[in-house]
A.B. asks: 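To start, I am sharing the structure in question, which I have written as structure tokens.
Note on naming: letters A, B, ... go to the chains in the order of the sequence lines (proteins, then strands), and numbering restarts at 1 for each one.
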Amino acid sequence: MPELPEVETIVRGLREKILNKKIIKIDVNYSKTIDTHSAEDFRSILLNSQIIDITRRAKYIVFHILNSYSLILHLRMTGKVLIKTKNDIATKHDHITFHLENGTQIFYNDTRKFGRFYLTKDKEKILGKLGPEPLGNSFIYAEFSKKLASTQRKIKAVLLDQSFIAGLGNIYTDEALWEARIHPEQPANNISQSKQKALFEAIKNVLIKGIENRGTSLGDGQGNYASSGNNRGNNQNTLNVFAKTGKPCPNCENIIQKIVVTQRGTHFCPMCQKLKK
DNA sequence: CCATATGTTACTCG
DNA sequence: ACGAGTAACATATG
């Protein structure tokens, strides 16, 4: 579910609520959620320690632990980190609970159970293969352009490839390609210089807007995005093409189409985003 | 029953 | 080597 703006919103919320409190108990109800350790080892490493900082890398949440470990979490499709108080009780999809000394409980909730925790002293082992952070200093146009020229893959597949650029998912990719007026199936090495530049800027624009709106919450089911305070985002109200199948393009009024690209539902305007020969 | 879902990875085929 | 396609993970929803 969550892409860069959603994870950023979650991290900002968590930072205010759980730092520097001792972890006094950990319940593990679904141990496959922990990728690197047994539930027993996971508990013994984290118990009586504390989270001293929380940062984000791409779609990963990095909890910096006082004992020099990093607890890295990827939410995949439906993972949520929910901050609750003393008397809240874990329910069906709450797979791990961290109890803090002040009574705060951190629930890891995940309907589809795809999310994973990685506990490691070497962050690079988990994060090392990621491409540049699109809102960071390492996202440089000359390098972006050079890398686009190096592959014939469909541009949508390239943008979803976390080793090419880290943090985009299905929603923000469709939005960025619409803003740059590029067809999602356009080969990456056949995009004009001006459209490459437009795409470079569009990626940053859609992510910044997503963060400003505190993420995109689609629908109202269990698996939809919510922040650590269980609040919905507002970015769904500003989308131009994603989930707008059959509606008029905000730019040209033509009907937004939906196709499948790289196994993902893909929304675009056939007038604004033409495939170039 | 079928298709689809904000993600990632392993595997096959050409 | 490269890129496309498929399946898998597990659950909910229309």
Side-chain angles (χ1 to χ4, degrees), chain A residues 1-10 29-36 56-61 72-81 91-95 108-118 125-131 147-177 184-190 206-207 209-211 213-227 232-246 258-267:
Chain A
M1 85 198 207
E3 306 179 33
L4 188 155
E6 290 73 38
V7 177
E8 178 65 24
T9 304
I10 291 168
N29 297 316
Y30 184 71
S31 58
K32 278 176 79 174
T33 295
I34 305 161
D35 188 273
T36 51
R56 179 189 61 73
R57 172 74 171 103
K59 303 176 197 174
Y60 291 86
I61 300 172
I72 302 178
L73 170 61
H74 197 301
L75 303 167
R76 296 285 178 98
M77 292 290 266
T78 55
K80 295 177 186 175
V81 183
T91 53
K92 190 172 180 185
H93 300 298
D94 294 325
H95 306 309
Y108 178 66
N109 177 285
D110 191 348
T111 305
R112 288 173 72 179
K113 300 180 175 169
F114 290 166
R116 291 293 179 266
F117 281 95
Y118 309 87
K125 245 182 161 170
I126 307 301
L127 308 176
K129 288 181 178 167
L130 293 169
K147 272 170 36 179
L148 287 177
S150 75
T151 179
Q152 315 189 50
R153 296 167 73 198
K154 295 170 179 174
I155 185 61
K156 170 138 182 179
V158 170
L159 296 182
L160 289 173
D161 180 346
Q162 301 297 298
S163 68
F164 189 96
I165 176 172
L168 288 173
N170 211 28
I171 298 174
Y172 295 94
T173 295
D174 281 4
E175 291 295 310
L177 287 171
E185 294 180 297
Q186 188 67 43
N189 65 355
N190 186 14
V206 298
L207 293 174
K209 182 165 70 92
I211 293 170
N213 290 319
R214 281 171 275 111
T216 303
S217 296
L218 299 163
D220 51 10
Q222 276 278 336
N224 300 120
Y225 163 73
S227 70
R232 291 166 59 86
N234 295 313
N235 200 242
Q236 62 277 10
N237 303 321
T238 75
L239 297 175
N240 291 296
V241 284
F242 192 89
K244 301 293 181 189
T245 316
K258 185 176 182 185
I259 59 175
V260 174
V261 180
T262 333
Q263 297 190 114
R264 312 302 302 276
T266 298
H267 315 74

A.B. asks: For a quick test of reading the model: is some side-chain N or O of A:Lys92 closer than 4.0 Å to OP1 or OP2 of C:dA10?
C.D. replies: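 Looking at the OP1 and OP2 atoms of C:dA10, neither is under 4.0 Å from any side-chain N or O of A:Lys92.
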A.B. asks: What are the two closest non-hydrogen atoms of A:Leu168 and A:Leu160, and how far apart are they?
C.D. replies: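 A:Leu168 and A:Leu160 have their closest heavy atoms at O-CD2, 4.2 Å.
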A.B. asks: Scan A:Phe242 against the nucleic acid and name what it touches under 4.0 Å (heavy atoms): base, sugar-phosphate only, or nothing.
C.D. replies: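 Sugar-phosphate, no base atom in range.
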A.B. asks: Between A:Lys156 and A:Thr266, do the side chains contain an N or O donor and an N or O acceptor separated by less than 3.5 Å?
C.D. replies: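 Note: A:Lys156 and A:Thr266 side chains meet the donor-acceptor criterion.
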A.B. asks: In this structure, how many angstroms lie between the P atom of C:dG3 and the CG atom of A:Leu148, rounded?
C.D. replies: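 In whole Å, C:dG3 P and A:Leu148 CG are 13 Å from each other.
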A.B. asks: Please check if any side-chain donor atom of A:Tyr172 sits under 3.5 Å from a side-chain acceptor atom of A:Thr216, or the reverse.
C.D. replies: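 On atom types as modelled, these side chains qualify, holding a pair under 3.5 Å.
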A.B. asks: Have a look at A:Gln152 and say if it touches a base, only the backbone sugar-phosphate, or nothing, with a 4.0 Å heavy-atom cut-off.
C.D. replies: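 Result for A:Gln152 = sugar-phosphate.
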A.B. asks: With the stacking rule set at 5.5 Å and 30°, tell me whether A:Phe114 counts as stacking on B:dT8.
C.D. replies: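 Not stacked by the 5.5 Å and 30° rule.
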A.B. asks: Mind checking whether A:Tyr60 and A:His74 have parallel, tilted or perpendicular rings, split at 30° and 60°?
C.D. replies: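 Ring orientation, 0 to 90° scale: perpendicular.
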A.B. asks: Below the 4.0 Å mark, does B:dT8 have OP1 or OP2 next to a side-chain nitrogen or oxygen of A:His74?
C.D. replies: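 Yes, within the criterion.
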A.B. asks: Please work out if A:Gly215 contacts a base, only the sugar-phosphate, or nothing of the nucleic acid, heavy-atom cut-off 4.0 Å.
C.D. replies: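 If one applies the 4.0 Å heavy-atom cut-off, A:Gly215 turns out to touch nothing in the nucleic acid.
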A.B. asks: With a non-hydrogen cut-off below 4.0 angstrom, is A:Tyr30 in contact with a base, only sugar-phosphate, or nothing?
C.D. replies: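 The residue A:Tyr30 makes sugar-phosphate contact but no base contact.
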A.B. asks: What nucleic acid atoms does A:Lys129 come within less than 4.0 Å of, heavy atoms only: base, sugar-phosphate, or nothing?
C.D. replies: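 A:Lys129: no heavy atom of the nucleic acid under 4.0 Å.
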A.B. asks: Using a strict 4.0 Å threshold on nitrogen-to-oxygen distance, state whether A:Asp174 and A:Arg264 make a salt bridge.
C.D. replies: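 Salt bridge: no.
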A.B. asks: Would you say A:Gln162 places a side-chain N or O within less than 4.0 Å of OP1 or OP2 belonging to B:dT8?
C.D. replies: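 Checking B:dT8 against A:Gln162, a side-chain N or O does come within under 4.0 Å of OP1 or OP2.
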A.B. asks: If each of A:Gln263 and A:Arg153 is mapped to the nucleotide of DNA chain C with the nearest heavy atom, which maps nearer the 5' terminus, i.e. the 5' end?
C.D. replies: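 The residue whose closest nucleotide sits nearer the 5' end is A:Arg153.
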A.B. asks: Has A:Asn29 got a side-chain atom pairing as donor or acceptor with A:Asp94's backbone, closer than 3.5 angstrom?
C.D. replies: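 Checking the backbone N and O of A:Asp94 against the side chain of A:Asn29, a donor-acceptor pair under 3.5 Å is found.
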A.B. asks: Distance criterion of 3.5 Å, no angle test: do you see the side chain of A:Arg112 paired donor-to-acceptor with the base of B:dA5?
C.D. replies: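 Indeed there is one.
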A.B. asks: Checking all strands, does A:Asp110 fall into the base, sugar-phosphate, or nothing category for heavy-atom contacts under 4.0 angstrom?
C.D. replies: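 A:Asp110: no heavy atom of the nucleic acid under 4.0 Å.
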A.B. asks: Closer than 4.0 Å, any side-chain N/O of A:Lys59 to the OP1 or OP2 of B:dT8?
C.D. replies: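 Indeed, a polar side-chain atom of A:Lys59 lies that close.
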A.B. asks: Examine C:dG3: is either OP1 or OP2 under 4.0 Å from a nitrogen or oxygen in the side chain of A:Thr151? Give yes or no.
C.D. replies: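 Indeed, a polar side-chain atom of A:Thr151 lies that close.
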A.B. asks: Enumerate, in order of first residue number, the stems that involve DNA chain B, defined as 3 or more consecutive Watson-Crick or G-U wobble pairs with both distances under 3.5 Å.
C.D. replies: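 Runs of three or more consecutive pairs: B:2-5 with C:11-14, B:7-14 with C:2-9.
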A.B. asks: Taking only the side-chain nitrogens and oxygens of A:His93, find out if one of them lies under 4.0 Å from OP1 or OP2 of C:dA12.
C.D. replies: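 Affirmative; the distance criterion is met.
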A.B. asks: Any side-chain N or O of A:Lys154 below 4.0 angstrom from OP1/OP2 of C:dA4?
C.D. replies: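 False: A:Lys154 side-chain N/O out of range (4.0 Å or more) of C:dA4 OP1/OP2.
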A.B. asks: Does C:dA10 have OP1 or OP2 under 4.0 Å away from a side-chain N or O of A:Lys32?
C.D. replies: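 Yes, within the criterion.
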A.B. asks: Return the minimal non-hydrogen interatomic distance between A:Lys59 and A:Gly169, and the atom names on each side.
C.D. replies: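 Residues A:Lys59 and A:Gly169, closest heavy atoms: NZ-CA, 3.6 Å.
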